[in-house]
Amino acid sequence: MKDLEYMKQAIELAKKGSGFTNPNPMVGAVIVKEGVVIGRGYHESYGGLHAERNALKNCNTSAKGAEMYVTLEPCCHYGKTPPCTEAIINSGITRVVIGTLDPNPQMSGKGAAILQRNKIRVETGVLEKECKALIRTFAKFITTGKPYVMMKYAMTMDGKIATYTKQSKWITGEKARYQVQETRHQYSAIMAGVNTVIQDNPLLTCRLENASNPVRIICDTHLRTPLNSRIVQSASTYSAETILATCSADENKIQQYLNKGCRIIQTSEKDGHVNLHELMGVLGKMGLDSILLEGGSMLNWSALQQGIVDGIQAYIAPKIFGGSHAVSPVGGIGVALPAEAFLLADTRFIPVGNDFLMESEVVYPCLQES
Ligand SMILES: NC(=O)c1ccc[n+]([C@@H]2O[C@H](COP(=O)([O-])OP(=O)(O)OC[C@H]3O[C@@H](n4cnc5c(N)ncnc54)[C@H](OP(=O)(O)O)[C@@H]3O)[C@@H](O)[C@H]2O)c1
């Protein structure tokens, strides 16, 4: 019972690093001695001290003989900081409770084994599901080198993301829209299709104070993004990169976007558009661990079809737009039979003001991965 309680505290601490640790994971740690919490810490920002070292630094008394509760297995290698296992061993801690093992197959279990070899009692798997949820983007990135992709859209109860006149502002209420800003802060990048940019002229920034701005990516096969769009116009002063992913090799067009401060990523063509698989590889190499895919309909379909989507967040508003020409969240040709549906798992249904958020993980049968 106590283990669960302290691990819950460690999880809440870990969440404080949300949006600041990418591509590192969010991690929290609590140190307990004789039933009293003596130190708390979390991984606050990329390159900064790990949660375990912060918790040890914050101890108000010696940690000798204490227990540590940590959401992720302590690291045992030299990275930007020395191994946490070393700090734990030197501190005299006698028991370490771990939420989940390191998802990196080359590291998994090694930190726990080093602690055990040094006569520290180790227990793993306490609130494992919750601790795994904390590191889902990190787990995808570290095991594949590609970003975790969350497809996010807002739709009416009749499944429309815009009216037949292509108007989409606004579908959900203020609370849901605020939550989306928080999500933008958590992700390293936002990606949209060129039609959404032409239609809505969005900025795709995070409008929260003291938040990190995501890299902005437009999928634009033939470089149709208007040079006077807000996204291009703001590129040179924006705090993160603005990327156009394209198949175009038109030097004149490319130079115009470069002059405005945009970055160009060229991919091969897949089904007449930007090759999303290839794009994910390039973005992963750039260190982008997570992408919030904000559609629209055509890009969402391609992303699912090419197997790059890991999770889906559907905000559902209690409204009806109607209209057989009004777009739905996922367009394209669609599947021919119900049995061919993309399957979703681990679904959560959360009220957000007057709206609802339905969040799921995508389950790909192996053959859909190309
Ligand atoms: N409610 C919401 O949450 C929400 C969110 C976003 C958008 N929207 C609405 O959605 C509408 C736009 O959706 P849309 O379906 O027309 O367009 P879209 O998905 O925004 O953009 C599609 C375009 O992106 C380009 N593209 C580049 N690479 C692609 C790839 N691999 N796969 C697919 N397309 C690729 C294609 O043009 P090229 O081949 O010429 O490059 C394609 O025509 C707007 O009305 C907007 O308001 C609503």
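One-based numbering, in listed order, for ligands and for the atoms of each. Nothing fancy with the numbering, it's 1 onward along the sequence. For the numbers below, each heavy atom of this structure counts, side chains included, while hydrogens, waters and symmetry mates do not.
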So, for His43 and Phe20, is the gap between ring centers shorter than 6.0 Å?
no

Side chain to side chain contact (heavy atoms under 4.5 Å, CB included) test vs Leu244 passes for just one of Val197, Thr225, Ile217, namely Thr225

Would you please write out the protein residues whose heavy atoms approach any atom of ligand 1 to under 4.0 angstrom, listed by chain and number?
Tyr153, Ala154, Ile161, Ala162, Lys166, Ser168, Ile171, Gly193, Val194, Asn195, Thr196, Gln199, Asp200, Cys219, Asp220, Thr221, His222, Arg224, His273, Val274, Leu276, Glu294, Gly295, Gly296, Ser297, Met298, Leu299, Ser302

Is the Phe356 to Phe349 ring centre distance short of 6.0 Å?
yes

Quick one: which residue pairs count as a ring pair (Phe, Tyr, Trp, His ring centres under 6.0 Å) with a foot in residues 208-245, not counting sequence neighbours?
none

Worked check of side-chain hydrogen bond (donor to acceptor under 3.5 Å, both in side chains) between Thr156 and Asp158
CA-CA 5 Å; Thr156 57; Asp158 58 334; 2.4 Å; yes

With a 4.0 Å cut-off on N to O distance, would you call Lys110 and Glu73 a salt bridge?
no

